[in-house]
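In what follows, every chain begins at residue 1, and chains take the letters A, B, ... in the order their sequences are listed. No hydrogens, no waters, no symmetry mates; every other heavy atom, side chains included, goes into these values.
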Number of protein chains: 2
Amino acid sequence: MTTDRNSATVPGKRSTRQRTAVAGLLDQLADFRSAQDLHEELRKRGEGIGLTTVYRTLQSLADAGEIDVLRTDSGEAIYRRCSSHHHHHLVCRECGHTVEVEGPAVERWADKVAAENKFSQVSHTVEIFGTCSDCG
Amino acid sequence: MTTDRNSATVPGKRSTRQRTAVAGLLDQLADFRSAQDLHEELRKRGEGIGLTTVYRTLQSLADAGEIDVLRTDSGEAIYRRCSSHHHHHLVCRECGHTVEVEGPAVERWADKVAAENKFSQVSHTVEIFGTCSDCG
DNA sequence: TAGGATGTTGACAACGGTAACCAGTTACCC
DNA sequence: GGGTAACTGGTTACCGTTGTCAACATCCTA
């Protein structure tokens, strides 16, 4: 263990009850969730926390690379605590269940395509959506 | 030529001046553009057309598979006329310049990963973003 | 080709997710 | 413990997008 993953906070930020609660909830959940979803869950658990604070906290966690952000078809942002190394996702459309996947060949392919077309500062999004065996 | 690509309209829909204008503009543009962007461009060209109509037309074109839809980091939808076969995009973050790319190996990889995890009805999004040589 | 049924348009209002504001509160450092 | 700078959260504002509905255009039929 290189870092303390639980109750992980963003360096340079103060440790508050609210931030701890958001980080802690994300640690427990395996699926991608929307900000409003997380806010509702926190209140359901008795955490007094404002929606604004949830948005702010998620944003700073995302900026710090602590969590991953995806967009649903409707354009809503969804968040999930992920491992720190580069990876992609296999996400169930029904329940949000997520599997982290790796594809070294895909990384190489993307870099090659970008280079062939003289693009620089390359990033890519690769997400696979489907219906998981529980929902199938 | 199997189908008439220019002035392409959606089957079952009436052919109106506004729909023709939107489809025609998309035919001319090589880059991904937002609905508001397209609306502004059409008005600049003297086309009387409402923003609502632009949104509706883009939606029906997208539903019919006539155009591709992507989401920017900010969640805004952007649209582009694309070839009909399955492909992905290499998109310039600065100017929206787009290159259609293919990656058979990526398709196979995505299918394999999904199958290994027992996911069905699989789709995937693969987009590469970077800075093109003109903007670099 | 006229006339009507029905799909389409567009100004406007509403909506939903997200971000800005700012006064009150809290964590951190000495 | 006390000062200060960061944080919180209710509220308001924002922005992309969609719903509404009366006026209108298209297309079919006679």
Side-chain N or O of [X] versus OP1/OP2 of [N]: is the shortest distance under 4.0 Å?
{"X": "A:R19", "N": "D:dC7", "answer": "yes"}
{"X": "B:Q36", "N": "D:dC15", "answer": "no"}
{"X": "B:Q18", "N": "C:dT8", "answer": "no"}
{"X": "B:Q59", "N": "D:dT18", "answer": "yes"}

Atom pair CD1 (A:I67) and CZ (A:R80), whose distance is rounded to the nearest 0.5 Å: 11.5 Å
Would the base of [N] count as contacting [X] through its side chain, where contact means a donor and an acceptor less than 3.5 Å apart?
{"X": "A:R56", "N": "D:dG9", "answer": "yes"}
{"X": "B:R17", "N": "D:dA25", "answer": "no"}
{"X": "B:S74", "N": "D:dG16", "answer": "no"}
{"X": "A:T53", "N": "D:dC7", "answer": "no"}
{"X": "B:T52", "N": "C:dA11", "answer": "yes"}

Between [atom2] on [N] and [atom1] on [X], what's the gap in Å once rounded to a whole number?
{"X": "B:K13", "N": "D:dC27", "atom1": "NZ", "atom2": "P", "answer": "14 Å"}
{"X": "B:H39", "N": "D:dT18", "atom1": "NE2", "atom2": "P", "answer": "15 Å"}
{"X": "A:I49", "N": "D:dG9", "atom1": "CD1", "atom2": "P", "answer": "6 Å"}
{"X": "A:Y55", "N": "C:dG16", "atom1": "OH", "atom2": "P", "answer": "12 Å"}

Checking C:dT18, D:dC7, C:dG10 against the side chain of A:E76 (C-beta onward), the nearest is C:dT18
Counting only heavy atoms not in B:D31, do more than 12 sit closer than 6.0 Å to its CG atom? yes
Starting from the 5' end of DNA chain D, give me the residue, A:R43 or B:A77, whose nearest nucleotide shows up first. A:R43
Please tell me which of B:S34 and B:T16 maps to the more 5' nucleotide of DNA chain D, matching each residue to the nucleotide holding its nearest heavy atom. B:S34
Locate the shortest heavy-atom distance separating B:E76 from B:S34; write the atom from each residue and the value. OE2-CB, 3.5 Å
Applying the 4.5 Å side-chain criterion to the ILVMFWY set and letting contacts propagate, would B:I78 and B:L61 be lumped into a single cluster? no
Does the pair B:E47/B:R43 count as a salt bridge with the N-to-O cut at 4.0 Å? no
